[in-house]
J.: 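Sharing a structure below in structure tokens format, with a few things to ask.
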Amino acid sequence: MKRTSYTFFLALAAVTGGVDAFKFMSNWQPPKVLTDLQKVELAKTEKRFGDKKLVVITGCSSGLGRETVKNLLATDQYHVVGAVRDVDKMEAVAEIDGFNMDNFHIMECELNSFASVHKFCEDLKEYQLAKPIDRLICNAGVYQPSLPYAKWSVDGHEQTMQINFLSHFLMISKLLDGMKAAPDPRVIMVGSVTGNDNTVGGGGVYPIADLKDLKGFKAGFENPIAMADGYGFNGAKAYKDSKLCLMMMSNFLHSKFNRSHGITFSSIYPGCIAETPLFREKRAWFRKYFPIFMKYITGGYVGVEEAGQRLFQVAHDPRCSKSGVYWSWNGGPREGRGAAALEKGGQISGGGGAGGGWDSIYINDQSDKVNNVELCVELFQCSTKITGAQWPEAKTFTSPCPTLKVISAISSNMIAREELKRMAEQPGFNEDGTPMQLTKRKKAALVADKVIVQGVLGNTVGRVGRVAGRLLLGRIPDAAKEGSFQEEKSLNADPLPTYVVDAAVIAPEKQSNFIDVINEDDKSLLENEIFDHVFANGNKAPTDSSLTAEREWKVGEPEKQKELSPV
């Protein structure tokens, strides 16, 4: 009775729910039998992290990152891993700020080196044990606007772009797959108004962030190519371009991995932090007067403490689990600053600067450059090639319906054979207009299919199936065959090879069951494919590198299993 009720329930869900009928089953897991080693690892994980969320943040020994860590640790809900270049400096800062070292762990990561990023990710995987990463905050950045020339990383890339973007890009690719096990994983990239040219700060101050057509990246972005667009070096533009890349990549990774991995991707602009080590390479007069100008004239000033609270909010606030967005906060520039600004210490509400509090957060608009989908794809491809990143496959939700799984298992080989025949009989076209040709292995598989499946089985099971299909489906209506505005053009190429069969040259579709392939490599390929069809005993055909090896067919006594072995 219970089994009948369960079956009825599944059938009802399929009928009433449509496509999403079985989506509620996506998180169902079969009972797991843990080994002793797994039990020990889980016990260590529980002891190290408890019920706290695991956060990884880059560049947290000063400025925005330092303030963000303060806020994270103050909640007692997070275990933070600080990825920093200078471990000694980070230890001193942690002591000065009174960090709870039970919940804060320091790890070296030099973003000027891809090798260091790889090592950091491997060390992190050992440290986190069975704990998935809940938050990855890409915060570290360098700004070198006064340099008349480029400085190069260990890998031969311009430092600003590698530190701010490329190394974070590589880090995300290595940590992404493990984050999907977390209940609410988020990847947060610190962008900038300077990378968003639909604002005064981003579009009204030269130089403007602009990747153009990525000629520099497409050319490999190696010394002496210092800019993404391939033109001459400009320190301020290198910084703005790197922030544009971060914001573009946040959008692209959202479209590629949000649905498959359940990860939230977002970028933020916490405001213009006029007093921060980011400006340490600016001249002394700039560092002195720029904060005053931003606070009392433009109103765009944001203190580093408030900026840290904003970045913390995107990591902590449940409202910030929305993916594919660019977060900003109200506060800042308003007309008639003057005396009112002096009376309130520069803190006047408006769009872009300080003030407004926790509820002033909003989803900001992004420029056409950030939203350029085609360029985002090219940026992803070029960055993957430059960094050597390996991305996981983006698999979307698959229904756990048992019937679907059974049908899929049964039909997979049939679908593969039919697709192979379609490719051979109706080939596509190359860029020069010539028909595409099948590889030797695909040709051999097609001939083996004709001999075994269509020849032997086709006269028995296949014939019954074809008759049943015609009876069930009926004839194709004439109306379905009409309506073409052009006659189909013929292909002036034979997609299949010709063989010698009984001393006569004929095409494969006209051949008898006896096939004698002229080329020895083709013969070996064909033998392997026929073997896989007839003797399904788990042995696989040799790889392409061993196709020339001499082989012989061995058939034992009738009661013994047939096998193929090398001579």
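Heavy atoms only: backbone and side chains are in, while hydrogens, waters and symmetry mates are out. Keep in mind the model is a prediction, meaning the values are calculated, not measured.
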J.: Please identify each residue that fulfils side-chain contact (heavy atoms from CB on, under 4.5 Å) with V40, with sequence neighbours left out.
T.: K44

J.: Counting only heavy atoms from other residues, nucleotides and ligands, does the tally under 6.0 Å from CG of L34 exceed 12?
T.: yes

J.: Which heavy atom of F169 sits nearest a heavy atom of A389, and at what distance?
T.: CE2-CB, 4.0 Å

J.: If we only count heavy atoms from C-beta on, is the Y269 to W327 side-chain gap below 4.5 Å?
T.: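 No - every pair of side-chain heavy atoms lies 4.5 Å or more apart.
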
J.: Would R319 and D359 pass as an ion pair if we require N to O under 4.0 Å?
T.: yes

J.: Specify the closest pair of heavy atoms between S321 and T264, including all atoms of both residues, with the distance to one decimal.
T.: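 Result for this residue pair: O-OG1, 2.8 Å.
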
J.: Would D134 and R186 pass as an ion pair if we require N to O under 4.0 Å?
T.: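 Result for this pair is no, no salt bridge flagged.
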
J.: Roughly how far, to the nearest 0.5 Å, is the CG atom of N372 from the CD atom of E378?
T.: 8.5 Å

J.: Any donor-acceptor pair under 3.5 Å linking the side chain of T387 with the backbone of L170?
T.: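 Side chain of T387 to backbone of L170, a donor-acceptor pair under 3.5 Å: no, none is there.
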
J.: Of all the heavy-atom pairs spanning M101 and I106, show the shortest one and how long it is.
T.: CE-CD1, 4.3 Å

J.: Does the side chain of V190 reach to within under 4.5 Å of the side chain of K243, using non-hydrogen atoms?
T.: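 Answer yes - side chains close enough.
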
J.: Mind listing the closest non-hydrogen atom pair of T58 and A140 along with its distance?
T.: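 For T58 versus A140, the nearest heavy atoms are OG1-N, 3.0 Å.
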
J.: Test salt bridge (charged side-chain N to carboxylate O under 4.0 Å, His left out) on K119 and E122 and set out the steps.
T.: CA-CA 5 Å; K119 185 177 186 303; E122 294 304 316; over 6 Å; no

J.: Is there a side-chain contact (heavy atoms from CB on, under 4.5 Å) between R66 and D97? Walk through the geometry before answering.
T.: CA-CA 9 Å; R66 178 178 180 176; D97 290 347; 2.7 Å; yes

J.: Got a salt bridge between K215 and D229, using NZ or NE/NH1/NH2 to carboxylate O under 4.0 Å?
T.: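 Answer for the salt bridge query: no.
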
J.: Check side-chain contact (heavy atoms from CB on, under 4.5 Å) between C121 and all other residues, then give those that pass, not counting sequence neighbours.
T.: V117, M171, K174, L175

J.: Would you call the rings of Y127 and H79 parallel, tilted or perpendicular, taking 30° and 60° as the class edges?
T.: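 Tilted.
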
J.: Could you walk me through whether D317 and R310 pass salt bridge (charged side-chain N to carboxylate O under 4.0 Å, His left out), step by step?
T.: CA-CA 10 Å; D317 194 335; R310 290 176 172 182; over 6 Å; no

J.: So, applying side chain to side chain contact (heavy atoms under 4.5 Å, CB included) with F380, which one of M248, K256, K385 is it?
T.: K256

J.: Are the side chain of S255 and the backbone of F252 linked by a donor-acceptor contact shorter than 3.5 Å?
T.: yes

J.: Just wondering, do L73 and Y78 contact through their side chains at under 4.5 Å, heavy atoms?
T.: no

J.: Shortest non-hydrogen contact from V69 to C60?
T.: CG2-CB, 3.7 Å

J.: For S266 and V314, which heavy atoms make the closest approach, and how far apart are they?
T.: OG-CG1, 3.8 Å

J.: When you compare the side chains of W152 and Q162, does any donor N or O come within less than 3.5 Å of an acceptor on the partner?
T.: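 Result is no, nothing qualifies.
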
J.: Are any of the side-chain heavy atoms of F49 and T45 separated by less than 4.5 Å?
T.: yes

J.: Answer whether the closest heavy-atom distance between the side chains of S116 and L111 falls below 4.5 Å.
T.: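 No. Closest side-chain heavy atoms not under 4.5 Å.
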
J.: Restricting to side-chain contact (heavy atoms from CB on, under 4.5 Å), what partner residues turn up for A238, sequence neighbours left out?
T.: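 With sequence neighbours excluded, A238 shows a side-chain contact (heavy atoms from CB on, under 4.5 Å) to E158, T160, M227, F233, given in chain and number order.
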
J.: Between W391 and D177, is there a side-chain donor-acceptor contact under 3.5 Å, judged purely by atom types and distance?
T.: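 The criterion, which ignores hydrogens and geometry beyond distance, is not satisfied for W391 and D177.
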
J.: Kindly determine whether L54 and H105 satisfy side-chain contact (heavy atoms from CB on, under 4.5 Å), including the steps that lead there.
T.: CA-CA 11 Å; L54 177 58; H105 182 67; over 6 Å; no

J.: Does a donor on one side chain sit under 3.5 Å from an acceptor on the other, for S242 and N164?
T.: yes

J.: Can you find a heavy atom in the side chain of Y326 that is under 4.5 Å from one in the side chain of M247?
T.: yes

J.: Keeping H261 on the side-chain end and A394 on the backbone end, is there a donor-acceptor pair under 3.5 Å?
T.: no

J.: Would you say the side chain of V81 lies within less than 4.5 Å of the side chain of V55, judging by non-hydrogen atoms?
T.: no

J.: Look only at the side chain of R135 and the backbone of A315, and say whether a donor-acceptor pair between them is shorter than 3.5 Å.
T.: yes

J.: Looking at Q144 and A236, would you say the former's side chain and the latter's main chain have a donor-acceptor pair under 3.5 Å?
T.: no

J.: So, are K240 and D210 salt-bridged, with charged N and O less than 4.0 Å apart?
T.: no

J.: After noting the C-alpha distance and the side-chain angles of L72 and E67, does the key distance pass the side-chain contact (heavy atoms from CB on, under 4.5 Å) rule?
T.: CA-CA 9 Å; L72 288 167; E67 296 299 322; over 6 Å; no

J.: Between K218 and D213 (side chain of the first, backbone of the second, donor and acceptor by atom type, cut-off under 3.5 Å), is there such a pair?
T.: yes

J.: Can S360 and N330 be counted as having a side-chain donor-acceptor contact under 3.5 angstrom?
T.: no

J.: One pair to check against side chain to side chain donor-acceptor pair (under 3.5 Å): N112 and S153. What are the steps and the verdict?
T.: CA-CA 5 Å; N112 249 323; S153 71; 4.6 Å; no

J.: Do the side-chain N and O atoms of H316 and T75 include a donor-acceptor pair separated by under 3.5 angstrom?
T.: no

J.: If you define the side chain from C-beta out and look only at heavy atoms, does anything of Q159 sit under 4.5 Å from V154?
T.: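 No, side chains not in contact.
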
